[in-house]
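The block underneath contains the structure these notes are about, expressed in structure tokens.
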There are 2 protein chains.
Amino acid sequence: MAVPAVPASGATDVEQAMFEFVDAYNQAWEAAASEHGLSTAHACVLGRVETRRSMGELAEELRCDASNITQIVARLEARELVHREPNPEDRRSRQIVRTPSGDDLYGEFEESFEFPRAAASNLTVAERKQFAALLHKALRR
Amino acid sequence: MAVPAVPASGATDVEQAMFEFVDAYNQAWEAAASEHGLSTAHACVLGRVETRRSMGELAEELRCDASNITQIVARLEARELVHREPNPEDRRSRQIVRTPSGDDLYGEFEESFEFPRAAASNLTVAERKQFAALLHKALRR
DNA sequence: AGCAGGTGCTTGATTCGCTCAAGGGAACAT
DNA sequence: ATGTTCCCTTGAGCGAATCAAGCACCTGCT
């Protein structure tokens, strides 16, 4: 159910454009993940463990329950994409790292997720700068 | 697991900015839905049935299996947010419509989904026009 | 040292979202 | 009317998510 929200009846042009852009981004991201046999959850986790991370850190960054991470990491580990190491400083904690084959798979995934590169390449250098500035400014609260 | 992709190591500024914007949009959308007791799937469907739609149309628009829609509509119907009517022109088909209380709930949801309005209001009128144009241009393929 | 309480993770139960396979009933084409 | 196609539903099964409970370990206090 990739489609977030149909734009409100009274939506302005910009709002409509934001929606379309976000939807396209989401769709492209999901498609790239599934092309590599990754669920969105797996791709999220795999992306974060490029540098060593604990379960708790993952749970916090991905805004979900720790037990959810346990489950996902277990599946990634079963596929040998990820490795769970003891933390010598705190024996309750586990450090998650990508295995070489996890690195490879994630690399391929990133490469096939062309959307951001393609979007940027549709713009001139000056426009890219502008676009980045506007994206940031729109976020400011 | 709202967080789509951590930006690639070699990501440029624009790409990073796109990611942040999309992430914020997604997060805001999910939060607004959950504030109103809606899952993302329910919010998607509820949003589309402002105008009468068949199950098949919903499945196509939301890019998922028809049986998934059956299930979701059943839950929405149990909450009386939606109503399933026979289609006089084709008795195999069902027409889905929001009930008045479905209209109310969706209205409140849309109101609480401030993100696009807030984003627009961070920009001047000229910037909004520019932003919309860039969003579109970035999507062109 | 010893205990109380907090932390980090796992397990189990449960729900929802999603897909696939199978099937029923209705439309349609010949 | 008969066979095919179409729309939807049902059932089975898995992944994702949450919550409640529990275990192992750390920390702070006395």
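Residue numbering restarts at 1 for every chain, and letters A, B, ... go by the order of the sequence lines.
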If we ignore hydrogens and angles and just use 3.5 Å, is the side chain of B/Arg128 paired with the main-chain N or O of A/Glu15 as donor and acceptor? no
Less than 4.5 Å apart, side chain to side chain, heavy atoms only: is that true for A/Val82 and A/His42? no
Just wondering, do A/Glu20 and B/Leu135 contact through their side chains at under 4.5 Å, heavy atoms? no
Sorted by position of nearest nucleotide on DNA chain D, 5' first, the leading residue of A/Cys64 and B/Met55 is B/Met55
Whole angstrom value for the distance that separates [atom2] of [N] from [atom1] of [X]:
X       : N      : atom1 : atom2 : result
A/Gln71 : D/dC19 : CD    : P     : 14 Å
A/Glu30 : C/dG17 : CD    : P     : 15 Å
A/Glu85 : C/dC9  : CD    : C1'   : 16 Å
B/Glu60 : D/dC8  : CD    : C1'   : 15 Å
A/Glu57 : C/dT7  : CD    : P     : 16 Å
A/Arg75 : C/dT10 : CZ    : P     : 14 Å
A/Ile96 : C/dC9  : CD1   : C1'   : 10 Å
A/Gln95 : C/dG8  : CD    : P     : 12 Å

Can you tell me if [X] touches the phosphate of [N], counting only side-chain N or O atoms and a distance under 4.0 Å to OP1 or OP2?
X       : N      : value
A/Ser39 : D/dA16 : yes
A/Arg94 : C/dG8  : no
A/Arg63 : D/dT18 : no
B/His42 : C/dG17 : yes
B/Ser93 : D/dC6  : no

Kindly check if the number of other-residue, nucleotide or ligand heavy atoms within 6.0 Å of CG (B/Asp13) is above 12? no
B/Lys137, NZ atom: more than 12 neighbouring heavy atoms under 6.0 Å: yes
If the sugar-phosphate is the primed atoms plus P, OP1 and OP2 and the base is the rest, what is the B/S/- string for nucleotides 20-30 of chain C, using protein heavy atoms under 4.0 Å? B----BBS---
The single option from B/Arg98, B/Arg84, B/Arg94 passing salt bridge (Lys or Arg N to Asp or Glu O under 4.0 Å) against B/Glu77: B/Arg84
Please work out if B/Thr70 contacts a base, only the sugar-phosphate, or nothing of the nucleic acid, heavy-atom cut-off 4.0 Å. base
Assign A/Ile69 to base, sugar-phosphate, or nothing according to its heavy-atom contacts below 4.0 angstrom with the strands shown. nothing
How are the rings of B/Tyr25 and B/Phe21 set to each other: parallel, tilted or perpendicular (split at 30° and 60°)? tilted
